[in-house]
Peer 1: 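Below: one structure in structure tokens.
Each ligand, and each atom within it, is numbered from 1 in the order the structure gives.
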Amino acid sequence: MKLALKHISALLLISVMIISCRGQLSDKPPIRHHFNMNFQERFNAQQENPFFEDGMAMRMPVEGTIARGNLRHDVALFEGLDEGGNYISEIPFELTREFLNRGRERYDIFCQMCHGGTGDGRGIIMTGGYGYVPAPTFHSDISRGMPDGEIYSAIANGVRNMPAYATQIPVEDRWAIVAYVRALQRSQYVPAVEMERYDIDLAELGRIFTEEQARLEALAAARAAGAGEEVSAERGEALFVRNACQACHSLDGTPGVGPTVAGLYGSERNFTDGTSAIADEEYIIESIVEPGALIVQGYDNVMVPYAHLSESELQSLVEFIRSLSEE
Ligand code: HEC
Ligand code: HEC
């Protein structure tokens, strides 16, 4: 009797286990015993609601009331202004390392692409020739002389052509950014009297700077004078690699984003405008400096002009491409 009971309960347990996990997927919606309040009528944003006289489902706050947490009576904190309506000259937070680091992080996210990593106004979108209104440098007397509240206000309200960042950056972060802008300014501008307090040999630093500057100028001058007038397939190959031409042009005959350059030299090219030409030196050079002039059939006009290449560099590229057709 005892044994039979044990068997029955074991059997029951196994059958429940088998039934409960069917082990297969189903596209059907799950069975709901209770809908609870999962599905209810409601209004979408901007929808009409005939219940109210003005027909709007979205309600304005009742006049004279302020939503919880929105009481902004501290104008210094929220607007950067004192009672007289002037910009405050001190950040209303304690300047800890953590606060500054937060400011740096936020600055790098929200300001750096325009005002530059060091605050010199040469952020990446300003240097690409995209036509943005230039962002000013923070290393000017005007900017250094600005009260903290004015920088805060630029973030909170925008300034002339610069949009406001109030929706993206909360109040405390705005002040952290102000603190970091101040740190950037300090990093580039320490008055000489203050420098005396530090153990730094200014004359030595100045010498290193002048030397480095002279080295860079000499390098640029050498480049401008076309140092390395040599024309060779080897130089062309190096240029091909250095300019990442192979990202779009294969050397082994397979088409990529652009046509392969293997066998290109001397072959007939057909263009989207219905014309055709033989790929000689002149054609190849034009294809590099003005790729949009003739578009090879079957390809898109995606190659940027390589107008910075010197005459000898272009001829070297031609030599390299020609060498691929010689074997
Ligand atoms: C999209 C590019 C852009 C971004 C991003 C940007 N700024 Fe600006 N900022 C500008 C431009 C452009 C001006 C000049 C506006 C004018 O004079 O019309 C300016 C002006 C300012 C000024 C006023 C300077 C003066 O001399 O009047 C301050 C301060 C400033 N920005 C701070 C910031 C801070 C802090 C951030 C990050 C929260 C930021 N900006 C993000 C483009 C930008
Ligand atoms: C982003 C991809 C891309 C890069 C990088 C690129 N090209 Fe091109 N190139 C193309 C495309 C696409 C075409 C075909 C459309 C056209 O004619 O403009 C082309 C066409 C050419 C042609 C004419 C080819 C033919 O079949 O007639 C030459 C020559 C050429 N490129 C050389 C170069 C050289 C040299 C470089 C590096 C300095 C380079 N390209 C970099 C995409 C690229």
Peer 1: Taking non-hydrogen atoms only, is Pro163 closer than 4.0 angstrom to ligand 1 via side chain, backbone, both or neither?
Peer 2: neither
Peer 1: Out of Ala244, Pro259, Gly292, whose heavy atom sits nearest atom 14 (C) of ligand 2?
Peer 2: Pro259
Peer 1: Between Ser287 and Pro291 (side chain of the first, backbone of the second, donor and acceptor by atom type, cut-off under 3.5 Å), is there such a pair?
Peer 2: no
Peer 1: Is the backbone of Arg174 close enough, under 3.5 Å, to the side chain of Arg106 for a donor and an acceptor to pair up by distance?
Peer 2: no
Peer 1: Would you find a donor on one side and an acceptor on the other, under 3.5 Å apart, between the side chain of Arg59 and the backbone of Met56?
Peer 2: yes
Peer 1: Under the side chain to side chain contact (heavy atoms under 4.5 Å, CB included) criterion, do Arg235 and Glu313 qualify, and how do the steps go?
Peer 2: CA-CA 8 Å; Arg235 190 171 175 216; Glu313 287 175 323; 3.3 Å; yes
Peer 1: Any idea which protein heavy atom is nearest atom 5 (C) of ligand 2, and the distance to it?
Peer 2: Tyr306 OH, 3.3 Å
Peer 1: Run down the list Ile321, Asp300, Leu309 and name the one with the heavy atom closest to atom 15 (C) of ligand 2.
Peer 2: Asp300
Peer 1: State if Phe271 counts as touching ligand 2 under the rule of any non-hydrogen atom under 4.0 Å.
Peer 2: no
Peer 1: Should the proximity of Phe138 to ligand 1, defined as any heavy atom under 4.0 Å, be assigned to the side chain, the backbone, both, or neither?
Peer 2: side chain
Peer 1: Quick one: does Asn243's side chain have a donor or acceptor within less than 3.5 Å of a partner on Leu239's backbone?
Peer 2: yes
Peer 1: Any N or O of Tyr283 that comes nearer than 3.5 Å to an N or O of ligand 2?
Peer 2: yes
Peer 1: Is the shortest distance from a heavy atom of Val178 to ligand 1 less than 4.0 Å?
Peer 2: no
Peer 1: Would you kindly specify which portion of Val304 sits under 4.0 Å from ligand 2, judged on non-hydrogen atoms: side chain, backbone, both or neither?
Peer 2: neither
Peer 1: Measure the distance from atom 4 (C) of ligand 2 to every protein heavy atom, then report the residue, atom name and distance (to 0.1 Å) of the closest one.
Peer 2: Cys248 SG, 3.3 Å
Peer 1: Examine distances only and state if a side-chain atom of Thr137 and a backbone atom of Gly121 form a donor-acceptor pair shorter than 3.5 Å.
Peer 2: no
Peer 1: Is there a salt bridge (Lys or Arg N to Asp or Glu O under 4.0 Å) between Arg186 and Glu194? Walk through the geometry before answering.
Peer 2: CA-CA 11 Å; Arg186 297 277 295 168; Glu194 231 173 273; 2.7 Å; yes
Peer 1: Return the option from Arg160, Arg174, Met126, Glu150 holding the heavy atom at the smallest distance from atom 27 (O) of ligand 1.
Peer 2: Arg160
Peer 1: Kindly say whether Thr272 contributes a backbone atom to a donor-acceptor pair with the side chain of Gln297 at under 3.5 angstrom?
Peer 2: no
Peer 1: Quick one: does ligand 2 sit under 4.0 Å from the side chain of Ile288, the backbone, both or neither, non-hydrogen atoms only?
Peer 2: side chain
Peer 1: Is Ser287 close to ligand 2, meaning an N/O of one under 3.5 Å from an N/O of the other?
Peer 2: no
Peer 1: Considering His308, Gln297, Arg269, which one's heavy-atom position lies nearest to atom 25 (C) of ligand 2?
Peer 2: Arg269
Peer 1: Taking heavy atoms and a distance under 4.0 Å, where does Ala154 meet ligand 1: side chain, backbone, both or neither?
Peer 2: side chain
Peer 1: Report the atom name of the nearest N/O/S atom of His115 relative to atom 8 (Fe) of ligand 1.
Peer 2: NE2
Peer 1: With atom 7 (N) of ligand 2 as the reference point, say which of Glu290, Arg242, His249 has the nearest heavy atom.
Peer 2: His249
Peer 1: Between Val296 and ligand 2, does any nitrogen or oxygen pair lie at a separation below 3.5 Å?
Peer 2: yes
Peer 1: Quick one: does ligand 1 sit under 4.0 Å from the side chain of Ile155, the backbone, both or neither, non-hydrogen atoms only?
Peer 2: side chain
Peer 1: What part of Cys245, side chain, backbone, both or neither, has a heavy atom within less than 4.0 angstrom of ligand 2?
Peer 2: both
Peer 1: For the pair Glu211 and Arg207, find out whether any cationic side-chain nitrogen is under 4.0 Å from an anionic carboxylate oxygen.
Peer 2: yes
Peer 1: Do Glu230 and Ser232 meet the criterion of a side-chain donor-acceptor pair at a distance under 3.5 Å?
Peer 2: yes
Peer 1: Answer side chain, backbone, both or neither: which part of Asn161 comes under 4.0 Å from ligand 1, heavy atoms only.
Peer 2: both
Peer 1: Give me the nearest non-hydrogen protein atom to atom 11 (C) of ligand 2 as residue plus atom name, then the distance to 0.1 Å.
Peer 2: Gly258 CA, 3.6 Å
Peer 1: For residues Phe271 and Tyr283, establish whether the separation of their ring centroids is below 6.0 Å.
Peer 2: yes
Peer 1: Using a 4.0 Å heavy-atom threshold (strictly under), name the region of Leu264 that reaches ligand 2: side chain, backbone, both or neither.
Peer 2: side chain
Peer 1: Under 4.0 Å from any heavy atom of Ile177, which atoms of ligand 1 are there?
Peer 2: 35 (C)
Peer 1: Just by distance, do the side chain of Asn44 and the backbone of Gln47 share a donor-acceptor pair under 3.5 Å?
Peer 2: no
Peer 1: Please list the nearest protein heavy atom to atom 23 (C) of ligand 1 with its residue and the distance rounded to 0.1 Å.
Peer 2: Val159 CG1, 3.9 Å
